[in-house]
Amino acid sequence: MKTTYRAVQVTRPGFLELVERKTPVPGSGEVLIEVEACGICGADAADIERADPALQPPRVPGHEVVGRIAALGANTPSIWKVGQRVGMGRLGGYCNECSQCRQGHFQLCQNQPIVGASCDGGYAEMMLARATGLVSIPDELSSEEAAPILCAGIATFNALKKCGAQAGDVVVILGIGGLGHMAVQYARRMGFKVVAVGRGSDIVEDALALGAHLYIDTHQENAVARLQGMGGAQAIVTTISHADTVSSLMGGLAPQGRLVLLGAGKDPLPVSAGHLVVGERSVLGSITGSPYENERTLDFSVLAGVRPMIEVMPLEQADEAYRRMKSGDVKFRMVLSMGSARARQPNSRHG
Ligand SMILES: [Zn+2]
Ligand SMILES: [Zn+2]
């Protein structure tokens with residue numbers, strides 16, 4: 001194994017720098033991953049722009065990580081082997097001791113690192129990871145394809161499972177970007193009548209090609225009136241956190257409909273208590289999910305032919321890749337590819 005590796009760190013808030021670091025030795029319960037690919041999630045912006053400037057060494061962002069186990073620390077479960085392809089999403093491994101873990105709510109563990117925020121992530125050739133956070137990657141998916149499923153995929157797939165809609169019901173996907181383009185595909189394959197809602201007409205063909213039955217451009221028409229004309233939506237899954245945009249669509253929710261929030265915005269969300277009570281509507285938040293649920297998401301993606309639409313750039317261009325994601329100039333997910341990944345092409349689909 002190489003004694004050093006390349007990593008991209010937030011040297012100061014908003015500034016990504018390629019550096020060389022000493023290869024670490026995994027501690028108890030940890031593995032060392034040789035990273036092959038890492039998606040650039042919208043949530044990375046908060047980790048990069050609001051990084052702690054005093055942190056040493058600076059944080060490595062990235063929480064859609066796929067690679068191979070390079071070394072096992074002590075006390076790791078026998079299901080994980082050196083050379084095995086694994087992934088890691090936003091949740092960095094549960095503790096198995098807190099009250100949420102003891103109830104089996106691993107995604108709600110109170111002692112769980114947030115990858116790329118409270119522990120180093122995957123904009124790097126190597127990454128340490130808690131074994132409890134590891135996800136097994138199916139052979140059918142390339143590392144570049146699998147990476148975005150570990151956050152954008154599971155976040156939307158789990159939200160759709162919790163949204164209460166049944167096959168044939170109208171389900172709205174609000175915001176067609178990195179998360180939304182996965183949500184549309186899953187919703188279609190789960191048997192819903194899929195309505196994609198966005199701003200502008202530039203995205204309409206993509207939304208329909210991904211599986212939406214209908215696209216509503218809020219610049220062109222009144223989305224609430226259109227949804228009410230369809231009998232209302234049984235669920236609205238929103239991938240954006242802009243409070244006014246989300247609350248303005250709530251009038252399109254059918255009785256007993258659910259608004260599922262994925263964007264972790266901090267602004268208060270205005271909701272009408274009467275609208276909730278009289279129609280028995282509800283609002284819920286959904287975090288990504290546990291490693292087991294992440295494996296279910298990957299398996300469903302293979303089963304149903306769901307793939308992220310990706311653009312791939314090399315690790316050394318992480319800064320440019322990040323800026324393109326931030327500007328909205330990516331259809332639909334930017335993925336960083338490490339040298340190890342490029343070396344194994346063109347057989348990546350089978351590795
Ligand atoms: Zn994410
Ligand atoms: Zn816990």
A.B. asks: Is there a side-chain contact between Val195 and Arg226 in this structure, where contact means two heavy atoms from C-beta onward sitting under 4.5 Å apart?
C.D. replies: no

A.B. asks: What's the shortest heavy-atom distance between Thr76 and Ala131, and which atoms?
C.D. replies: CG2-CB, 4.1 Å

A.B. asks: Sort out for me which residue in Leu91, Thr297, Val65, Leu298 forms a side-chain contact (heavy atoms from CB on, under 4.5 Å) with Leu150.
C.D. replies: Leu298

A.B. asks: List the atom of Pro308, the atom of Glu145, and the distance in Å for their closest heavy-atom pair.
C.D. replies: CG-O, 3.1 Å

A.B. asks: Any pair with a residue in residues 72-102 that passes ring-ring contact (aromatic ring centres under 6.0 Å, His included), sequence neighbours left out, goes on the list, sorted by first then second residue, please.
C.D. replies: Tyr94-Phe106

A.B. asks: Measure from the side-chain N and O atoms of Glu64 to the backbone N and O of Ala152, and report whether any donor-acceptor pair falls under 3.5 Å.
C.D. replies: yes

A.B. asks: Answer whether the closest heavy-atom distance between the side chains of Gln256 and Gln234 falls below 4.5 Å.
C.D. replies: yes

A.B. asks: Are Glu293 and Lys161 ion-paired here, with the side-chain N under 4.0 Å from a carboxylate O?
C.D. replies: no

A.B. asks: Determine the minimum heavy-atom distance between Pro268 and Ala243, stating which atoms define it.
C.D. replies: O-CB, 3.4 Å

A.B. asks: For the residue pair Gln220 and Ser201, establish whether any side-chain heavy-atom pair is separated by less than 4.5 Å.
C.D. replies: no

A.B. asks: State plainly whether one hydrophobic cluster holds both Val306 and Val135, where clusters connect Ile, Leu, Val, Met, Phe, Trp and Tyr through side-chain heavy atoms under 4.5 angstrom apart.
C.D. replies: yes

A.B. asks: Counting N and O atoms only, with roles assigned by atom type, does the side chain of Gln185 sit under 3.5 Å from a partner on the main chain of Gly211, one being a donor and the other an acceptor?
C.D. replies: no

A.B. asks: Could you tell me whether Arg68 and Glu34 have a side-chain N and a carboxylate O separated by less than 4.0 Å?
C.D. replies: no

A.B. asks: Among the clusters formed by ILVMFWY side chains lying less than 4.5 Å apart, do Val35 and Ile48 turn up in the same one?
C.D. replies: yes

A.B. asks: Are Tyr322 and Leu315 linked, directly or through intermediate hydrophobic residues, by side-chain heavy-atom contacts shorter than 4.5 Å (ILVMFWY only)?
C.D. replies: yes

A.B. asks: Is it true that a side-chain atom of Thr239 and a backbone atom of Gly175 form a donor plus acceptor pair closer than 3.5 Å?
C.D. replies: yes

A.B. asks: How many angstroms lie between atom CG of Leu134 and atom CD of Glu30, to the nearest 0.5 angstrom?
C.D. replies: 10.5 Å

A.B. asks: Under the rule for salt bridge (Lys or Arg N to Asp or Glu O under 4.0 Å), what residues qualify as partners of Glu97, not counting sequence neighbours?
C.D. replies: none

A.B. asks: What is the minimum heavy-atom distance between Gly153 and Tyr186, and which atoms define it?
C.D. replies: O-CE1, 3.5 Å

A.B. asks: Could you please spell out the steps behind the side chain to side chain contact (heavy atoms under 4.5 Å, CB included) verdict for Leu261 and Leu269?
C.D. replies: CA-CA 10 Å; Leu261 306 171; Leu269 180 70; 4.0 Å; yes

A.B. asks: Would you say Val8 and Tyr5 are hydrophobically clustered, going by side-chain heavy atoms of ILVMFWY under 4.5 Å?
C.D. replies: no

A.B. asks: Please give me the minimum heavy-atom distance between Gly121 and Ala124, naming the atom from each residue.
C.D. replies: O-CB, 4.4 Å

A.B. asks: Evaluate the side chain to side chain contact (heavy atoms under 4.5 Å, CB included) criterion for residues Thr156 and Ile173: first the C-alpha distance (whole Å), next the side-chain angles of each, then the deciding distance (0.1 Å), finally the verdict.
C.D. replies: CA-CA 10 Å; Thr156 53; Ile173 309 300; over 6 Å; no

A.B. asks: Kindly say whether Leu18 contributes a backbone atom to a donor-acceptor pair with the side chain of Glu316 at under 3.5 angstrom?
C.D. replies: no

A.B. asks: Evaluate the criterion side-chain hydrogen bond (donor to acceptor under 3.5 Å, both in side chains) for residue pair Thr4 and Glu20; output intermediate values, then yes/no.
C.D. replies: CA-CA 6 Å; Thr4 63; Glu20 197 85 13; 2.8 Å; yes

A.B. asks: Can you tell me how far apart SG (Cys119) and CZ (Arg130) are? Round to the nearest 0.5 Å.
C.D. replies: 8.5 Å

A.B. asks: Is a donor from one side chain sitting under 3.5 angstrom from an acceptor on the other, for His242 and Thr245?
C.D. replies: yes

A.B. asks: CD of Glu17: more than 12 outside heavy atoms within 6.0 angstrom?
C.D. replies: yes

A.B. asks: So which heavy atom on Ile154 is nearest to which on Gly289, and how close?
C.D. replies: CD1-CA, 3.7 Å

A.B. asks: Given side chains that start at C-beta, do those of Asp120 and Arg21 come closer than 4.5 Å, heavy atoms only?
C.D. replies: yes

A.B. asks: Test of understanding: with side-chain contact (heavy atoms from CB on, under 4.5 Å), list the residues that count as partners of Lys162, not counting sequence neighbours.
C.D. replies: Leu284, Ser286

A.B. asks: Strictly distance-based, threshold 3.5 Å: is any side-chain N or O of Arg281 a donor or acceptor partner for the main-chain N or O of His275?
C.D. replies: yes

A.B. asks: Among Ile310, Ile203, Val184, whose side-chain contact (heavy atoms from CB on, under 4.5 Å) with Phe332 holds?
C.D. replies: Ile203

A.B. asks: Taking atom CD as the centre, does Glu205 end up with more than 12 heavy-atom neighbours from other residues, nucleotides or ligands that are less than 6.0 angstrom away?
C.D. replies: no

A.B. asks: With heavy-atom distances below 4.5 Å as the criterion, would you say the side chains of Val86 and Val31 are in contact?
C.D. replies: no

A.B. asks: Run the salt-bridge test on Lys331 and Asp202 with the 4.0 Å N-O cut-off and return the result as yes or no.
C.D. replies: no

A.B. asks: Nearest 0.5 Å, what's the CG-CG distance between Asp299 and Asn294?
C.D. replies: 10.5 Å

A.B. asks: Let me confirm one number: the CG-OG distance from Asn158 to Ser290, rounded to the nearest 0.5 Å.
C.D. replies: 7.5 Å

A.B. asks: Side chain to side chain contact (heavy atoms under 4.5 Å, CB included) for Met230 and Leu214? Distances and angles first, verdict last.
C.D. replies: CA-CA 11 Å; Met230 298 168 68; Leu214 179 70; 3.8 Å; yes

A.B. asks: As an exercise, state the distance from CG of Leu262 to CD1 of Ile287, rounded to the nearest 0.5 Å.
C.D. replies: 10.5 Å

A.B. asks: Do His181 and Asp206 have side-chain heavy atoms sitting under 4.5 Å apart?
C.D. replies: no

A.B. asks: Mind checking side-chain contact (heavy atoms from CB on, under 4.5 Å) for Arg199 and listing every partner two or more places apart, or none if nothing turns up?
C.D. replies: Thr218, His219

A.B. asks: Using a 3.5 Å distance criterion without hydrogens, assess whether the side chain of Arg324 forms a donor-acceptor pair with backbone atoms of Asp329.
C.D. replies: yes

A.B. asks: Show your working on side chain to side chain contact (heavy atoms under 4.5 Å, CB included) between Leu227 and Leu249 and close with a plain yes or no.
C.D. replies: CA-CA 9 Å; Leu227 291 170; Leu249 200 61; 4.2 Å; yes

A.B. asks: Are Arg323 and Asp319 packed together at the side-chain level, in the sense that at least one heavy-atom pair is separated by less than 4.5 angstrom?
C.D. replies: yes

A.B. asks: Can any side-chain N or O of Arg59 pair as donor or acceptor with the backbone N or O of Ser118 at less than 3.5 Å?
C.D. replies: yes

A.B. asks: Linking I/L/V/M/F/W/Y whenever their side-chain heavy atoms sit closer than 4.5 Å, directly or via other members, would Met88 and Met338 fall into one cluster?
C.D. replies: yes

A.B. asks: Do Met182 and Pro148 have side-chain heavy atoms sitting under 4.5 Å apart?
C.D. replies: no

A.B. asks: Just by distance, do the side chain of Arg90 and the backbone of Thr288 share a donor-acceptor pair under 3.5 Å?
C.D. replies: no

A.B. asks: Is there a donor-acceptor contact under 3.5 Å from the side chain of Gln84 to the main chain of Lys81?
C.D. replies: yes

A.B. asks: My understanding is that only residues two or more places apart in sequence, or in another chain, count here; which of them pass salt bridge (Lys or Arg N to Asp or Glu O under 4.0 Å) with Asp44?
C.D. replies: none

A.B. asks: Give, for atom NZ of Lys2 and atom CE of Met126, the distance between the pair rounded to the nearest 0.5 Å.
C.D. replies: 6.5 Å

A.B. asks: Could you list all the side-chain hydrogen bond (donor to acceptor under 3.5 Å, both in side chains) pairs where at least one residue sits in residues 101-113, not counting sequence neighbours?
C.D. replies: Gln100-His105

